[in-house]
Amino acid sequence: MTDHAPLIIDLAGTTLTAADRRRLAHPLVGGVILFARNWQDRAQLLALTSGIKAVRDDLLIAVDHEGGRVQRFRTDGFTHLPPMRALGQLWMRDAMAATNAATAAGYVLAAELRACGVDFSFTPVLDLDHGESGVIGDRAFHRDPRVAALLAKSLVHGLLRAGMGSCGKHFPGHGFVKADSHTEVPVDRRGLKAILADDAAPYGWLSTSLASVMPAHVIYPRVDARPAGFSEKWLQDVLRGRLGFLGAIFSDDLSMEGARRIDGQVVGYTDAAVAALAAGCDLVLLCNQSLGDGRPVDELIDGLDAARRQGRWQPDARSEARRLALLPETVPQGWDELMYDPAYQQALALLP
C-alpha cells in the first residue's frame, strides 16, 4: 500500500516475469491493464490474475472489455457480447426490453471477468453515434444522449450486480470527430454550450452512477488548447464542478499519439503523466510498452518517482481512495458455479 499509486501498466505475456513482479511491487503502480496477448485460456488467466494479487492484493486488474470488436477474451467459454449499438437498435423497437438487455449484458460481462480474477472493465462507452468516428462506430449506444445515458445506466446496473465498477468514456465526447486519437490529435471545434447540451450530457445525468470516467485525447479549442485529459478546465471545472462527478478519473493511454501533444509540443511519458495528474486525473495508463525490454515502463515509474522528489507532482490521498474504491468488495462466483447460476442463464437469454 502507498499514499497514492496512480500508474496503471501492462504486461508483456501470459505469465508474470521477474520484471513484471518488480514493477507491480513498486508503490507508484496501482494496477494492471490486460490485453488479448495476455490471454490463452481461462485457467491461464486465473493463474495470471492470482499471481498479480500475490504481489499486492490492492492492485486493480482491469481490461478493455466492452463487447463487439472491443473484447479481449473471446474463447474458452467467454460470451461474445454484442456491440453497444445493438442495444440502441433494440431500444428503437422496444425501449424497456433494451434497458433489461443492457443490464443483462453488463452482468454477463462482469460476472465472467470476475470469475477469472479480473476486477474492472473500462466500460461503458458514452460517446454518441454521430456516424463520423471510425474508432467509436458501433461501440456507441445511440445518437441521442438520453438513450445513451439510460442504456449505459442499465449496463452499469448489471456490472454492479456482479460486483464491478464502471468507467464512462471518453469525456466530454469522442463521437463527433473523425480522427482517431490513437494515431493523431482530433480537434472538435464546437463550443462548451453545444458540447454540454449533447455529447457531455450523459456525464451529468450519470454523475451518481459511474465509478470512474476516462477523458478523450481530443482538443476542444473553444474551451481549452489542451486535450481534455490534460485540461484542468475540463476535468476540474466542468466534470467535477458543473457536472458533480465524484469518482475516479483515468487518463486514456499515454502512449497514444493524441496523448502527448501538449501545448503544441510532443512530451515524454513522465511529463504527460505529470500533466494529466496535475489537471485532475487520479490514475494514468501506459499501455503496450512492456513489450521488449519494457524500458518505457521503467522510465515512467522512475520518472514519476523523481517528479515527486522534485516537487513537480504530489501524491493525493483522495485519488488513492478513489482507486481503492474501484476494487470489488464481493467474492466472485467460480466459473463452474456461474455457468449454473439461474441469474446468469437468464442474462444470457436476454442478450440481443
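The first residue in the sequence is number 1, and the count goes up from there.
Within 6.0 Å of CZ on Arg242 lie no more than 12 heavy atoms contributed by other residues, nucleotides or ligands. The number of heavy-atom neighbours closer than 6.0 Å to CE of Met92, taken from other residues, nucleotides and ligands shown, is 12 or below. Few gaps surround CD on Gln310; more than 12 heavy atoms of other groups in view lie less than 6.0 Å from it. Counting non-hydrogen atoms of neighbouring residues, nucleotides and ligands closer than 6.0 angstrom, the CD atom of Gln236 exceeds 12 such neighbours. Residue-environment remark: CZ (Arg146) stays at or below the threshold of 12 foreign heavy atoms within 6.0 Å. Shown here is Lys233, whose NZ atom has no more than 12 heavy atoms of other residues, nucleotides or ligands within 6.0 Å.
Aromatic pair Phe250/Phe122: centroids less than 6.0 angstrom apart. Ring pair Phe78/Trp335: centre-to-centre distance below 6.0 Å. Between Phe141 and Trp91, the gap from one ring centroid to the other reaches at least 6.0 Å.
For Arg143 and Asp129, the salt-bridge test fails: no basic side-chain N is under 4.0 Å from an acidic carboxylate O. In summary, Asp188 and Arg222 do not engage in a salt bridge, as defined by a charged side-chain N under 4.0 Å from a carboxylate O. A salt bridge between Arg318 and Asp316 is present, with a side-chain N of the basic residue lying under 4.0 Å from a carboxylate O of the acidic one. Of the charged side-chain nitrogens involved, at least one lies within less than 4.0 Å of a carboxylate oxygen, so that Lys169 and Glu66 count as a salt-bridged pair. Remark: Asp138 engages Arg69 in a salt bridge, criterion side-chain N to carboxylate O under 4.0 Å. Between Arg308 and Asp3 there is a salt bridge, since a side-chain N of the basic residue sits under 4.0 Å from a carboxylate O of the acidic one. Using a cutoff of 4.0 Å between basic side-chain nitrogens and carboxylate oxygens, Lys193 and Asp198 are not scored as salt-bridged. Contact check on Arg190 versus Asp199 returns a salt bridge, with a Lys/Arg side-chain nitrogen under 4.0 Å from an Asp/Glu carboxylate oxygen. Taking the charged nitrogens against the carboxylate oxygens, Arg139 and Asp64 have no contact shorter than 4.0 Å, which rules out a salt bridge. Note on Arg23 versus Asp10: no salt bridge recorded, every NZ/NE/NH1/NH2 to OD/OE distance being 4.0 Å or above.
Residues Ile8 and Val32 are not in side-chain contact: their nearest non-hydrogen atoms beyond the backbone lie 4.5 Å or more apart.
The aromatic rings of His65 and Phe73 sit tilted, their planes meeting at an angle between 30° and 60°.
The residue from Asp119, Val118, Leu159, Leu34 that alone fulfils the side chain to side chain contact (heavy atoms under 4.5 Å, CB included) condition with Leu113 is Val118. Only one option out of Asp224, Leu239, Asp237 pairs with Ser231 in a side chain to side chain contact (heavy atoms under 4.5 Å, CB included); it is Asp224.
Distance check, rounded to the nearest 0.5 Å: CZ of Arg312 to CG of Leu304 gives 9.0 Å.
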Exercise. Given Arg37 and Asn288, is the side-chain hydrogen bond (donor to acceptor under 3.5 Å, both in side chains) satisfied, shown in steps?
Worked result: CA-CA 10 Å; Arg37 68 171 180 274; Asn288 302 314; 2.7 Å; yes
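Relative to the ring axis of Tyr107, Arg161 places its NZ or CZ within 45° and under 6.0 Å from the centre.
A donor-acceptor contact shorter than 3.5 Å is absent between the side chain of Arg189 and the backbone of Tyr220. One N or O on the side chain of Asp253 and one on the backbone of Cys287 form a donor-acceptor pair closer than 3.5 Å.
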